[in-house]
Colleague: 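The following block contains the structure, expressed as structure tokens.
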Amino acid sequence: MNLCFALMLFANAQKGLIHYFKSQFMDKTFKGLYSPNGFDLALLIPYFIVMVILAGYGMHRYALVYMYYRNRKNRTTEPPAKFEDLPRVTIQLPIYNEQFVVDRLVESICKIDYPKDRLDIQVLDDSTDETVKVAQAVVDRYAALGHPITYIHRTNREGFKAGALQNGLETARGELIAIFDADFVPPEDWLMRVVHHFTDSKIGMVQTRWTHLNRNYSFLTEVEAILLDGHFVLEHGGRSRSQVFFNFNGTAGMWRLQAIADAGGWEHDTLTEDTDLSYRAQLAGWKFKYLQDVECPAELPIEMTAFKTQQARWAKGLIQTGKKILPKVFKSKAPFRVKVEAFYHLSANLSYPLMIVLSTLLMPAMIIRSFGGWFQMLVIDLPLFLASTCSISSFYLVAQRELRPKTWWRTFLYLPFVMATGIGIAVRNAQAVMEAIVGKKSEFARTPKFSIEGKQGTFAKKSYKNKAGWMPYAEVLLGLYFSLTIVYAIWNENYATVPFLLLFVWGYLYTGCMSLGQSYFARLRFGVNAPEMRPATSGAPGF
């Protein structure tokens, strides 16, 4: 279906190009005023190609919505049966320099409703700061209260999070492995609501839906929540209901130990070790489940640099995983529709460098095509705009309507900013994607959390601070560039393009100025900065 839409859009673009050539070579109205040349075509052809590709990925969002509703009968709610004798479960808590949230994490885990004689808890600490003392003290305190919890500290960080998880498996006693990152606070009934789904011996992993402890903290966290809700409702929901491959999200899920072993264990040659293991396990024949109704709250990044670091890590990791896994998927006996969906899933972040190309070509293309007027806008730009941009708004509106049927309409107020923020992070994500394509390794850049819930919290903590680097300046320059593009569009009475261009202006200026502000004016309640993604210093593989 996506291919058909892409071909239709390409046909529209082709018609526009035919009109372009006819107007130049056959229409005598502008004869002597303008003639086409190789330079113009060298700009227009890449411009249209990029637009068509982006429209193709946009149409895929429509396809996910279709998959979600078409297969609603396949929604997983209750387990097929219940264990008479509960299995042993190991809960792994990988942390790295998380002194502000580790106490909250361990407290919530120790409150989980599950027989203590069938449970063991591992705090897998790779920290290099005060977190070591804090975590050790927390573990000792709860162990003294009779909780089956142990503290495992590594000093070499080999393999980063994947290495810590694999190291923990060497002493894990459970046949099922639950994993929670440092910023998660699972409810007491989480384990009992998930464990019984493993009565089906074919199930290798069960993922639950993230919710947000600090959704209402700021404008940025509201936008982040909408973005994540789209992923967990329509992407996970659509893929799981359609019985195609989907991924474990690294946390708030449970694995069968045998599924991890059959897939070859945790590997650390990508930044998204969770997606890598997920695809290897499903290729090995294991089935996954997604429980949309089982929630697990977590803390969203409260400042722009941390958010961009997180998004860049995911973007780079998925491209790395695509390079590694897609050849195996294409060679497998999986159905064709599963292979197509895997391609869209693992290659979607290629849209970020394409967005940068589009950003740089947009104004020259407008100047070259200014003679075409409304015809080209209606025949070429409008269909591509509807496919690539409007698909985003419908995608997130549907997700909010599913989660909040009474208040979902409020999402309309945030939609322009959701789309603009997605554009604004394109520079950082494009860099990450290009690094993945050329094979450049990087260390795992953690996303710092500060134990902020609701609108409560403080920016006073100065740990984990770093400069924003050169990236925000590039974003600000792009924002100013698009401001000039708007001036040009208005000057030429091309008013229909102005709302679209405003998204670029707001996106680039917002992300750039917020990053600079939070870097240099932390005292003005902007927060602290997360570490940047840095090249690996010891030749260690990326995580």
Colleague: Output, in order, the C-alpha distance, side-chain angles, deciding distance and verdict of side-chain hydrogen bond (donor to acceptor under 3.5 Å, both in side chains) for Thr272 and Thr321.
Modeller: CA-CA 7 Å; Thr272 48; Thr321 302; 2.9 Å; yes

Colleague: What I want to find out is whether Lys441 reaches Glu435 closely enough, with some N-O distance under 4.0 Å, to be called a salt bridge.
Modeller: no

Colleague: Give a yes or no on whether the ring-centroid distance for Trp190 and Phe180 is below 6.0 angstrom.
Modeller: yes

Colleague: So that I know where these two stand, are Tyr414 and Phe219 an aromatic pair - ring centroids less than 6.0 Å apart?
Modeller: yes

Colleague: Any side-chain donor-acceptor pair under 3.5 Å between Tyr68 and Glu402?
Modeller: yes

Colleague: Could you state the interatomic distance from CG (Leu503) to CZ (Phe417), rounded to the nearest 0.5 Å?
Modeller: 9.5 Å

Colleague: May I ask you to decide whether Glu222 forms a salt bridge with Arg410, counting only side-chain N to carboxylate O separations under 4.0 Å?
Modeller: no

Colleague: Indicate the ring-plane relationship of His345 and Tyr279, choosing parallel, tilted or perpendicular according to the 30° and 60° boundaries.
Modeller: tilted

Colleague: Is it possible for you to check whether Arg61 lies under 6.0 Å from the centre of the six-membered ring of Phe395, through NZ or CZ, and within 45° of that ring's axis?
Modeller: yes

Colleague: His231: which residues meet the ring pair (Phe, Tyr, Trp, His ring centres under 6.0 Å) condition with it, sequence neighbours left out?
Modeller: His236

Colleague: Do Asn249 and Trp210 pass the side-chain hydrogen bond (donor to acceptor under 3.5 Å, both in side chains) test, and can you show the C-alpha distance, the side-chain angles, and the key distance before you say yes or no?
Modeller: CA-CA 9 Å; Asn249 287 103; Trp210 298 5; 5.0 Å; no

Colleague: Within the distance-only criterion (no hydrogens, no angle test), does the side chain of Arg256 pair as donor or acceptor with the backbone N or O of Ile203 below 3.5 angstrom?
Modeller: yes

Colleague: Go through the steps to decide whether Ile302 and Phe307 satisfy the test side-chain contact (heavy atoms from CB on, under 4.5 Å), and finish with yes or no.
Modeller: CA-CA 8 Å; Ile302 58 175; Phe307 171 62; over 6 Å; no

Colleague: For the pair Glu188 and Lys111, find out whether any cationic side-chain nitrogen is under 4.0 Å from an anionic carboxylate oxygen.
Modeller: no

Colleague: Should the pair Asp269-Lys324 be classified as a salt bridge under the 4.0 Å nitrogen-to-oxygen rule?
Modeller: yes

Colleague: Tell me if a side-chain donor or acceptor on Asn429 pairs with a main-chain N or O of Ala312 at a distance below 3.5 Å.
Modeller: yes

Colleague: When you measure from the centre of the six-membered ring of Tyr290, is the NZ or CZ of Arg209 under 6.0 Å away and within 45° of the axis?
Modeller: no

Colleague: Answer yes when Asp181 and Lys161 have at least one side-chain N-carboxylate O distance shorter than 4.0 Å, and no when they do not.
Modeller: yes

Colleague: Do the side chain of Glu303 and the main chain of Ala306 share a donor and acceptor less than 3.5 angstrom apart?
Modeller: yes

Colleague: Tell me, with the steps shown, if Thr171 and Gln122 meet side-chain hydrogen bond (donor to acceptor under 3.5 Å, both in side chains).
Modeller: CA-CA 9 Å; Thr171 55; Gln122 297 178 332; 3.2 Å; yes

Colleague: If you look only at pairs with a residue in residues 223-241, which of them pass as a salt bridge (Lys or Arg N to Asp or Glu O under 4.0 Å), with sequence neighbours excluded?
Modeller: Arg215-Asp229, Asp229-Arg404, Glu235-Arg239, Arg239-Glu341

Colleague: Going through the checks in order, is the side-chain hydrogen bond (donor to acceptor under 3.5 Å, both in side chains) test met by Ser515 and Lys308?
Modeller: CA-CA 9 Å; Ser515 298; Lys308 290 196 296 185; 2.8 Å; yes

Colleague: Taking Arg104 first and then Glu299, would you say they form a salt bridge - that is, a charged N and a carboxylate O separated by under 4.0 Å?
Modeller: yes

Colleague: Checking the side chain of Thr199 only, and the main-chain atoms of Lys82 only, is there a donor and an acceptor separated by less than 3.5 Å?
Modeller: no

Colleague: Is Asp293 salt-bridged to Arg75, cutoff N-O under 4.0 Å?
Modeller: yes

Colleague: Return yes if some donor-acceptor pair links the side-chain N/O of His196 with the main-chain N/O of Phe83 below 3.5 Å, else return no.
Modeller: yes

Colleague: Any ion pair linking Asp120 and Arg173 (charged N to carboxylate O, less than 4.0 Å)?
Modeller: no

Colleague: So that I know where these two stand, are Trp255 and Phe288 an aromatic pair - ring centroids less than 6.0 Å apart?
Modeller: yes

Colleague: Just checking, any donor-acceptor pair under 3.5 angstrom between side chains of Asn214 and Thr221?
Modeller: no

